[in-house]
There are 2 protein chains.
Amino acid sequence: MLADLVYKTILKDLEKRIFDNEFPAKKLPDERTLTSQYGVSRSSIKRALNVLANEGIVFKKRGSGTFVNPLYLKNRSLFNYEGSNLGVTDSMRANGKRPGIKVLDFSVIPATKEMQTDLFLASEDFVYRIRRLRLLDDQPVMIETGYIPIKIVPELSRTIVSGSIFNYLEDKKNQTVTKSFLSIEAQPSTKEDQELLNLSSNEPVGVMSGIFFLDDGTPFELSNMRLHYKYMKYNALVELK
Amino acid sequence: MLADLVYKTILKDLEKRIFDNEFPAKKLPDERTLTSQYGVSRSSIKRALNVLANEGIVFKKRGSGTFVNPLYLKNRSLFNYEGSNLGVTDSMRANGKRPGIKVLDFSVIPATKEMQTDLFLASEDFVYRIRRLRLLDDQPVMIETGYIPIKIVPELSRTIVSGSIFNYLEDKKNQTVTKSFLSIEAQPSTKEDQELLNLSSNEPVGVMSGIFFLDDGTPFELSNMRLHYKYMKYNALVELK
DNA sequence: TTTTAAAATTGGACCGTATCAATTTTCAAA
DNA sequence: TTTGAAAATTGATACGGTCCAATTTTAAAA
């Protein structure tokens with residue numbers, strides 16, 4: 001796919017070598033040696049090593065070298081966190097359960113001031129308002145309200161919206177949603193939450209709201225997801241700089 | 001502190017300019033212009049912009065420019081681990097409120113099976129059990145239960161634990177906690193949550209649990225944090241690979 | 001006016017170099 | 001043998017350059 005980038009090639013090769021236990025002393029060759037071994041610039045080596053370090057696979061010590069994180073080999077599952085694709089059809093299917101979608105609302109409205117700034121729209125632009133209930137094995141798990149600019153997908157229909165919009169984009173329009181900026185919090189459930197998600201009054205919802213971006217950086221969807229609390233689990237590897 | 005680095009200086013300046021709304025059109029100057037304006041190399045500009053992009057503060061579109069993420073301004077959170085925060089104590093202080101700690105329990109127990117795998121311990125190892133109530137301006141906001149291997153900090157005391165453990169490590173032992181693996185979810189509040197955090201029965205807690213690592217990759221603490229729901233807002237830039 | 005193709009703009013990848021800072025190694029002096 | 005300063009090692013920061021790719025702008029053609 002995109003593996004023709006120099007630093008990615010080296011990244012993958014180093015990763016493989018680490019798992020093949022090619023560095024039993026837990027110490028990688030120094031950067032200058034790697035530079036000449038791979039025949040690339042030191043910047044590319046550093047870039048690859050930085051990715052590995054950020055993923056917790058190696059750690060670096062100035063003056064002494066780059067080392068394999070012993071924990072990574074022994075307890076690899078710990079580091080195999082899912083960057084959390086909650087809210088995407090695919091990640092639900094990955095869970096082994098059968099996903100379902102019930103469209104609660106599909107309409108077109110003028111973009112509010114807030115949407116104009118968040119989605120980079122002009123004042124005369126319109127957006128779809130898409131409200132869906134998501135199910136897993138017929139169990140309701142999430143109320144999703146999304147706003148998508150008409151001009152990005154003018155042909156959107158209720159039928160398309162009954163499935164995965166992201167998959168539609170990828171299959172039919174060759175555009176990919178690769179990034180999102182999400183804000184995650186907990187809230188008491190509202191009456192509507194309780195009815196739609198089968199919650200009792202003391203049970204909360206997890207709220208994930210934010211923007212989904214296309215791979216070219218265009219803000220694509222403004223989304224608000226209210227999840228049954230048992231179905232929200234967000235994993236993250238966090239840097240505490 | 002470390003702000004004498006070129007890219008960090010620019011990073012902070014750009015951050016300030018963004019929050020001062022110096023780019024009302026949400027578009028930053030292009031990289032080459034920034035390069036000549038700041039009188040530094042384009043690499044340094046790129047590095048600063050990349051940090052901003054990774055934090056979700058800006059996003060970039062090749063061919064068109066670099067833009068401010070409008071949502072970031074609205075969603076700056078209390079427990080924001082991104083950016084330049086150290087531990088929980090520091091990230092609270094960063095918000096302008098006065099942090100407080102009340103120690104609920106400080107004891108030593110044998111490591112459970114789970115702790116043994118997560119903290120990389122042997123079956124005969126012991127851990128501190130540290131239970132603390134965290135306050136902001138005297139308001140209780142979080143119940144924190146942490147488990148730390150004795151052998152890492154044999155001299156830990158109730159006094160030390162009344163302050164920031166991470167700061168103690170950094171000041172006195174020259175060790176830094178740089179990473180954590182966190183799992184974030186929502187739960188109904190328990191009786192104890194309600195009493196300690198002043199919650200009513202329908203109000204939930206946000207739960208953040210996981211492992212904190214030292215900079216050399218050693219797992220340092222197994223932690224469980226139950227937050228008053230109003231104080232938990234977690235921002236994340238998510239890559240949907 | 002609309003369409004289309006060329007040009008300019010703008011971020012991305014990569015290279016090679018110089019200098020600095022933390023750590024380890026070496027080796028002479030005590 | 002032990003100590004301690006100098007040297008070597010090794011990652012970090014920064015510079016400035018080349019070429020490329022996606023997008024927008026410009027301007028000519030229809």
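The CD1-P distance, from I45(A) to dA13(C), rounds to 16 Å in whole Å. The distance from atom CG of L34(A) to atom C1' of dT9(D) is 15 Å, rounded to the nearest whole Å. Regarding R62(B), its CZ atom lies at a distance of 6 Å from the C1' atom of dA22(D), rounded to whole Å. In this structure, the CG atom of L52(B) is 15 Å from the C1' atom of dG11(C), given to the nearest Å. The distance from atom CG of L5(A) to atom P of dA21(D) is 11 Å, rounded to the nearest whole Å. Protein atom CZ of F67(B) is 12 Å distant from nucleotide atom C1' of dA22(D), rounded to whole Å. A straight line from NZ of K8(A) to C1' of dG12(C) spans 12 Å, rounded to a whole angstrom. What separates CG of D216(A) from P of dT10(C) is a distance of 17 Å, to the nearest Å.
Which of dG11(D), dC14(C), dG12(C) sits closest to the side chain of R32(B) comes down to dG12(C). Closest contact between the side chain of K60(B) and the listed nucleotides dG16(D), dT13(D), dG11(C) involves dG11(C). The listed nucleotides are dT10(C), dG12(C), dC14(C); the one nearest the side chain of K27(B) is dT10(C). Nearest nucleotide to the D30(B) side chain, out of dT10(D), dC15(C), dG11(C): dG11(C).
In terms of phosphate contacts, K46(B) brings a side-chain nitrogen or oxygen within less than 4.0 Å of OP1 or OP2 of dG12(C). Phosphate proximity of dC15(D) to S44(B): present, with a side-chain N or O under 4.0 Å from OP1 or OP2. The phosphate of dT13(D) has OP1 or OP2 within less than 4.0 Å of a side-chain N or O from R47(B).
Of the candidates R129(A), R131(A), R158(A), D105(A) forms a side chain to side chain donor-acceptor pair (under 3.5 Å) with just one, namely R129(A). Across V177(A), I130(A), V153(A), a single residue satisfies side chain to side chain contact (heavy atoms under 4.5 Å, CB included) together with I165(A), and that is I130(A). For the pairing with V161(B), the side chain to side chain contact (heavy atoms under 4.5 Å, CB included) check across I101(B), V103(B), I148(B) returns one residue only, V103(B).
Counting any heavy atom pair closer than 4.0 Å across all strands shown, S64(A) reaches sugar-phosphate atoms only and no base atom.
Remark: the T66(A) side chain and the dG11(D) base include no donor-acceptor N/O pair separated by less than 3.5 Å. A donor and an acceptor atom sit less than 3.5 Å apart, one in the side chain of R42(A) and one in the base of dA12(D).
Summary of the strand contacts: S41(A) and K61(A) both lie near DNA chain C, and taking for each the nucleotide with the nearest heavy atom, the more 5' one is attributed to S41(A).
Side-chain contact annotation: T218(A) with K61(B), donor-acceptor N/O pair under 3.5 Å present. Residues Y147(A) and N224(A) bring no donor and acceptor atom of their side chains to less than 3.5 Å of each other.
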